[in-house]
Amino acid sequence: MWQAAIRRTQDARVPMMVALLLTAMSLFQTVEAGDRPNILWLSAEDISPHIGCYGDPHAITPRIDQLASEGIRYSNAFTTAGVCAPCRSGIITGMYQTTLGTQHMRCQAKLPESIRPFSTYLRESGYFCTNNSKQDYQFETPKGSWDQSSSKAHWRDRPDQDTPFFAVFNFTGCHESGIENDAKYKSVTNGLSERERQDASKLSTFPPYYPDTPAAREDWKRNYELITALDHWVGGLLDQLNDDGLDEDTIVFFWSDHGVGLPRAKRWLYDSGMHIPLVIRIPAQFRSTDNVAGVVDDRLVSSIDFGPTVLNLAGLDVPEPIQGKPFLTSPLSKLAAADRDYVYGARDRMDERYDIIRMVRDQRYKYIRNYEPLKPYFQYMNTPEKGQTMRSMREAEQAGTLPEAAMPFFRGTKPTEELYDLENDPHEIHNLALSSDHTEVLHRMRAAHEQWVTRTKDLGLIPEPILAERASELGSQYAVLRQSDDSELANRVAAAALAASEGPGALPEMRAALDDNDSAVRYWGATGIGNVFARGEIDKLPYLMDLQERLADESVTVRVAAARALCHSGDPEATSEALSVLAETLADGAQWERLQAAIVLDEIDDKALPVIDSMRAALEPRQEFYADGKYTVRVINRALNELNGTKHTVK
């Protein structure tokens with residue numbers, strides 16, 4: 001038996017406890033074994049809860065609001081990543097992207113045979129499963145996942161009216177490109193009436209961390225109008241459901257993959273990127289309580305819980321090794337609904353830039369761990385730099401007119417830890433990690449994070465070149481930290497990764513990591529010493545010989561990490577040796593080895609000048625690599641622009 005805190009929409013300020021699940025079967029409506037629910041997913045891209053039923057004063061979303069009045073609105077639903085493909089891999093499998101090895105945006109992972117999209121289990125039980133039409137799972141979709149997956153897929157194509165269906169429809173119009181691209185924005189919002197348009201100057205929800213410019217406000221306005229277009233789309237599909245006489249036979253989910261497609265939101269682990277709308281309407285015959293209409297459920301929900309919840313509603317088992325938890329039941333369910341103490345999130349490579357960040361959140365507090373604190377928040381990335389809001393922020397930073405809330409994002413480094421009180425600081429501006437009044441909270445949240453990393457075997461802490469190589473040998477990324485011959489590897493990698501950002505006090509651990517028998521641990525040892533070198537906090541001489549030995553490490557990834565450290569050593573001879581290693585890797589390394597070498601060369605600025613010819617040669621696309629190796633090209637182009645004062649562009 002479980003209880004959830006829910007609030008009626010008629011008075012959202014007064015929470016009241018209402019039992020959503022009762023085990024007493026006398027309260028269940030009778031459902032025959034063959035009378036299983038249809039399930040319809042209406043998914044959106046790149047939107048936060050800027051929706052009327054969530055209390056947004058500017059939202060024009062009558063159809064979604066109506067859906068919420070007839071069902072359950074979840075006020076604390078969160079995704080596992082602030083970007084689409086990693087979190088969608090988690091949604092379709094019910095597993096964290098960092099467990100599967102799908103955490104990098106973009107990558108090509110492989111699933112082991114033991115892990116399948118949850119739609120497979122629905123199909124095997126007799127459901128007709130359709131996907132219209134986005135997959136974007138970061139792995140090749142296994143055969144048998146869908147009956148149909150295309151822009152024409154529809155529940156209406158099921159073989160007969162008695163076959164239950166699971167149908168997914170995805171709206172692409174509110175993707176960040178709909179804000180950034182004028183033509184797409186105009187096309188998506190073409191059908192809006194004048195009454196449905198917004199006045200950018202009157203939007204009181206404009207965030208305090210954006211410069212208050214006409215261009216940035218225009219982006220914020222477009223977000224609202226795209227969501228109104230989404231609302232029309234939702235209404236159209238609900239009308240089709242009604243026209244087919246299926247309202248009382250179909251459970252409807254409405255959700256988004258992550259937050260609004262703007263800077264400090266999309267790709268980030270703040271609530272602006274992680275908090276998503278989730279509304280579920282359950283017909284009376286499939287309810288496990290007599291009142292689930294027009295209520296607000298405050299429980300924590302993760303996007304990896306969506307699939308297990310669907311299986312539970314359909315009366316199916318939730319197979320191992322699914323990590324998500326069902327949060328709803330029907331009279332057919334085999335599992336009671338589960339509550340969460342925490343939700344978790346991860347950020348890894350975003351296109352051409354690595355930044356390993358982890359998040360844990362409870363009802364009130366959020367903890368963020370920056371594993372690469374020497375990297376600025378806003379590393380230069382081609383895609384987000386195209387947007388007007390990002391341009392406004394860059395211009396304001398140059399002009400000295402940035403709002404105070406945005407200033408930390410333009411510093412050269414980040415704090416190792418961040419802690420926010422969401423109740424009093426919903427925009428997550430005031431970092432409480434060093435507050436003596438929050439020490440107990442910090443320790444609790446830090447421990448929750450570290451336990452999650454080891455429990456889920458976080459593959460994001462394995463450098464991508466090493467992960468790719470081992471996945472090729474073992475058949476999947478998932479297997480890399482589950483090798484029987486080194487059962488403690490996950491713990492050692494996690495410990496070394498933590499030590500690498502702890503500063504001089506952790507140098508003994510970093511130095512020991514340099515001698516580990518596993519290259520992933522050695523990588524963090526070299527990276528950690530390089531971090532200390534870059535900050536100029538120690539006498540570097542005692543560590544030079546250790547690092548120079550690692551320039552000949554059997555792992556190219558370790559060589560690159562050692563080269564980075566030596567480039568920050570201030571020793572001319574060591575720097576020259578390191579630059580040779582970086583140039584060689586850039587020329588002959590595997591895909592992700594080249595990218596890491598390029599990032600180091602970009603980081604060290606003028607110190608890279610002796611190998612500038614090698615950098616120019618790396619601008620040539622390489623057809624043998626994913627996307628012609630464009631990520632390395634982007635980083636090298638940026639580095640050369642900085643060195644030469646040029647403004648060349650690449651794709």
Side-chain angles (χ1 to χ4, degrees), residues 354-360 367-377 408 411-420 431-454 458 460-463 488-550 553 558 560-571 574 578 600 603-604:
Y354 291 96
D355 202 352
I356 302 172
I357 308 175
R358 297 293 179 263
M359 178 277 284
V360 56
Y367 172 85
I368 290 175
R369 177 76 186 208
N370 292 304
Y371 280 84
E372 300 186 275
L374 292 194
K375 293 181 177 178
Y377 285 102
R411 294 175 187 149
T413 62
K414 303 187 288 291
T416 301
E417 295 181 302
E418 300 174 52
L419 180 69
Y420 299 101
N431 183 7
L432 303 174
L434 299 179
S435 166
S436 58
D437 294 335
H438 295 84
T439 301
E440 184 178 343
V441 175
L442 178 68
H443 289 172
R444 174 174 61 83
M445 302 293 280
R446 179 193 293 153
H449 155 67
E450 292 177 7
Q451 290 164 10
W452 177 78
V453 165
T454 55
D458 189 335
L461 303 184
I462 302 285
E488 288 300 311
L489 178 58
N491 292 336
R492 297 204 316 282
V493 169
L498 288 170
S501 57
E502 292 287 355
L507 276 169
E509 290 90 339
M510 299 176 202
R511 200 166 193 175
L514 273 182
D515 294 324
D516 195 271
N517 61 11
D518 193 277
S519 58
V521 180
R522 296 198 300 276
Y523 163 85
W524 282 111
T527 296
I529 296 174
N531 289 343
V532 177
F533 277 15
R535 286 173 166 154
E537 296 171 326
I538 61 163
D539 176 13
K540 300 165 186 175
L541 186 60
Y543 303 91
L544 289 184
M545 185 175 296
D546 291 336
L547 290 166
Q548 285 173 307
E549 288 178 358
R550 289 301 161 202
D553 195 278
V558 176
V560 170
R564 169 183 173 267
L566 289 168
C567 285
H568 288 299
S569 70
D571 182 280
V600 173
E603 176 187 328
I604 62 176

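Residues take their numbers from the sequence shown, with the count starting at 1. What you see below is based on every heavy atom in this structure, not just the backbone, and it leaves out hydrogens, waters and symmetry mates.
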Qualifying salt bridge (Lys or Arg N to Asp or Glu O under 4.0 Å) pairs, either residue in residues 521-532, two or more places apart: Arg522-Asp553, Arg522-Glu554
Measuring from atom CD1 of Ile529 to atom CH2 of Trp524, what distance do you get when rounded to the nearest 0.5 angstrom? 13.5 Å
Of all heavy-atom pairs between Tyr523 and Val558, which one has the smallest distance, and what is that distance? N-CG2, 3.9 Å
Any side-chain heavy-atom pair of Asn531 and Met510 under 4.5 Å: no
First locate atom OH of Tyr367, then atom CD of Glu450, and finally report the distance between them rounded to the nearest 0.5 Å. 6.5 Å
Any donor-acceptor pair under 3.5 Å from Lys375 side chain to Asn370 backbone: no
Using a strict threshold of under 4.0 Å (side-chain N to carboxylate O), is an ion pair present between Arg492 and Asp518? no
Neighbour count above 12 (heavy atom, 6.0 Å) for Leu434 CG: no
Can you give me the closest heavy-atom contact between Ala526 and Leu514, atom names plus distance? N-CD2, 3.6 Å
Mind listing the closest non-hydrogen atom pair of Ala534 and Leu374 along with its distance? CB-CD1, 3.6 Å
Closest heavy-atom pair, Pro376 versus Asp355, reported as atoms and distance to 0.1 Å, is O-OD2, 4.0 Å
Check whether any side-chain N or O of Glu418 sits under 3.5 Å from a backbone N or O of Asn431 as a donor-acceptor pair, and report yes or no. no
is_close_aromatic(Tyr371, His449), centroid dist under 6.0 Å: yes
Mind listing the side-chain donor-acceptor pairs of residues 501-509 below 3.5 Å, one per line with the distance, residues two or more places apart or on another chain?
residue, atom, partner, partner atom, Å
Ser501, OG, Arg369, NH2, 2.8
Ser501, OG, Leu498, O, 3.2
Glu502, OE2, Arg369, NH2, 3.1

Looking at every non-hydrogen atom in both residues, tell me the closest pair between Pro542 and Asp539 and how far apart they are. CD-O, 3.2 Å
Asp571: which residues meet the side-chain contact (heavy atoms from CB on, under 4.5 Å) condition with it, sequence neighbours left out? Leu544, Ser569, Glu573, Ala574
